[in-house]
2 protein chains.
Amino acid sequence: MKKGQVTIKDIAKELNISCSTVSRALKDFPGISPSTKKAVTELANKYNYRPNSIALSLRNQRTNVIGVIIPETVHFFFSTVISGIEDEAMKEGYNVMICQSNENYEREADSIDALMSARVDGLLVSISRETSDLEHLKKVVSEGTPMVFFDRLVEGMNASSVIVDDYQGAYDAVEHLIEQGCRHIVHLSGPSNLIIGRKRKEGYISALEDYEIPINEDNIIECRNGTEQEAERAMTQLLASGKKIDGVFASNDMAALGALKAVKKANIRIPEEVAIVGFSNWQFSSLIHPTLSSVAQPGYEMGREAAKLIFQEINESSNGKSIIRILDTELIVRESSDRKTVKAAMP
Amino acid sequence: MKKGQVTIKDIAKELNISCSTVSRALKDFPGISPSTKKAVTELANKYNYRPNSIALSLRNQRTNVIGVIIPETVHFFFSTVISGIEDEAMKEGYNVMICQSNENYEREADSIDALMSARVDGLLVSISRETSDLEHLKKVVSEGTPMVFFDRLVEGMNASSVIVDDYQGAYDAVEHLIEQGCRHIVHLSGPSNLIIGRKRKEGYISALEDYEIPINEDNIIECRNGTEQEAERAMTQLLASGKKIDGVFASNDMAALGALKAVKKANIRIPEEVAIVGFSNWQFSSLIHPTLSSVAQPGYEMGREAAKLIFQEINESSNGKSIIRILDTELIVRESSDRKTVKAAMP
DNA sequence: CTGAAAGCGCTTACAG
DNA sequence: CTGAAAGCGCTTACAG
């Protein structure tokens, strides 16, 4: 018995017919005699024949594979996006090749090259924190491979994207803090080379302006890595400075968590003295103590939308228009910022 | 300008030489004149030539792609495994195709077919909760594609696996509960068609036996879905029955969380009255209140080991021996089961 | 030092 | 109704 999967040639040989005939029999081609068709399909079943996608890809000049570049798979939001991409791809008969950049520019560029070599039909990418040079991405576009950005989009490129309304999400969060009575709100911002970071900061500033609260630049602290430790350190320092602070809006939940820990350690009550809102709404936001208010991002939906967009571009041979799909966020208020419930609970 | 990526043929045409020569020039083949070599490499650079992996795959009968079948990407443990696979694969020059089964047998079988069609060089699989028929997996082996199981392995198949020592992990957890003074320990078990579920149950039973604590079958509750809700319901019911319970060992952290919530709602103190230990050590285990003791599984390492094993099997044209790599777990004791610290803290 | 040919697995326009 | 041929992009044994 021959090793490896059966080919059309194997079937043809065994039946003493040509490959052409086998190929046609396998796909209900019009003029094929019922008897050969039967013989072929039976043998194909018996040997568990599966069309060789590689051969098909070469011939059809399309692989039915999409590539995904993602900063980290171990991340609630991103794993949710992957899940959405996966489900949509499977539905459409595509396979998914995933590369994680680990937030590293070099690796992102290498991964793009690997996926382009693999001749993926389209690319879904969320750039790394480090990425500012866009040459590797521009090459993709100039070589005619459809590309869609998700979450972390890139400006000045002719490519579609799926994002959430970061500005509005941030605005909602800060407005909520203001309504809770906060007047001295710290913003732990994301890295400014990511648009999501800038947009969330803009939302923060606009909300303060609309409520005529003066903006204090010292209250805006850039957290480059977005880690819990980094935020905790920054927050501890800020609290030690003796400056008046009564609210925190963090541009991601890990940073919010760091801030929360710093505040707790300083024996300052949450939310009565300092109210906290994060961004992203991880699975754990509802589990920590106090539970963390957060701006929820629809990751699964983002994955599905990004996949839908890329399939559209692959199939319509791209009419050239780039689409930006903006998904709504939802503010989830929990204990860390809910002063009303707290007061009601302690008469 | 031609659309799409440049081929050897394009370069050959522009230089008026044959494809053979271009191919050889590109790969430092001995007897190639320095001048042609220079011309070729310059043009290749200029046009950003990337070898077409599809063509190479067809010729070499190997794709340098491995397929991964995973129950869910949105799951801390599994996303960690993916990360390990990803890192190891990138290091070895492989691409990774991922399919999530969503714990669904049908979809698992379809995904295997898709990956086999794609002619992946090897398959890394963790079966779905539903899977009991193994035909789809046996086909893979009989067709000569290397396959390695991780976490959820399968018995009676000639395939390598990477698992953690579920028995020992469970034993450690239960022994720890006993040392804390627990004598009436509930086990929220995993589905019995998964070996990990059975092994953890065995560890639970052995620990009780070794400490001469009678085993009460009513205290072993199978949680088929492993969801928080399912466990919370089961636990609430058990508490309401009035039976004496002073410890819980859950075979996964979501179930532990459900149990924890049920106990809290019943106004029973953790860990003083009921101590709880989970399995898996999610990111959130240290964030909930009280923090959750758990048996930590090295997911990242599991991913890397599984990838290493499959590469080995791919390259050594499989000497046929199947290897079982068992990784150690580590019991992480936190508030939910640490009675000593609690007592010390309340004199 | 370079080229023509064959072949990986498949499909399809062209003959018969 | 069926087959031979060409071609997708690449490599390599065989000639020269």
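These numbers come from a predicted model, not from an experiment. Note on naming: letters A, B, ... go to the chains in the order of the sequence lines (proteins, then strands), and numbering restarts at 1 for each one.
At distances below 3.5 Å, at least one donor-acceptor pair connects side-chain atoms of A:Ser160 with backbone N or O atoms of A:Ile323.
Using a 4.0 Å heavy-atom criterion, one finds that B:Ile54 contacts no nucleic acid atom at all. Among the heavy atoms of the strands lying under 4.0 Å from A:Ser20 is at least one base atom, whether or not backbone atoms are also near. Nucleic acid contact for A:Thr36: sugar-phosphate only, since backbone atoms but no base atoms lie under 4.0 Å from a heavy atom of the residue.
Between the P atom of D:dT11 and the CD1 atom of B:Ile32 lies a distance of 12 Å, rounded to the nearest Å. Remark: P of D:dC10 and CG of B:Asn64 are 16 Å apart, rounded to the nearest angstrom. What separates CG of A:Asn52 from P of C:dC10 is a distance of 5 Å, to the nearest Å. Between A:Asn16 atom CG and D:dG3 atom C1' there is a gap of 13 Å when expressed in whole angstrom units. Taking atom CG on A:Asp10 and atom P on C:dG7, their separation rounds to 15 Å, with Å as the unit.
One P atom belongs to D:dT2, the other to C:dG9, and the distance between them is 24 Å to the nearest Å. Rounded to whole Å, the separation between the P atoms of D:dG7 and C:dA4 comes to 15 Å.
Listed candidates were D:dA4, C:dG3, C:dC8. Nearest to the side chain of B:Gln61 is C:dC8. Which of C:dT2, C:dC14, C:dT11 sits closest to the side chain of A:Leu56 comes down to C:dT11. If you check D:dC10, D:dG3, C:dA4 against the side chain of B:Thr7, the one that comes closest is D:dC10.
Looking only at atom types and distance, the side chain of B:Ser128 has a donor-acceptor partner in the side chain of B:Thr131 under 3.5 Å away.
Taking for each of B:Phe29 and B:Leu58 the nucleotide of DNA chain D with the nearest heavy atom, the 5'-most of the two is the partner of B:Leu58.
Taking only side-chain nitrogens and oxygens, B:Ser33 comes nearer than 4.0 Å to OP1 or OP2 of C:dT2.
Between the base of C:dG9 and the side chain of B:Arg59 there is no donor-acceptor pair shorter than 3.5 Å.
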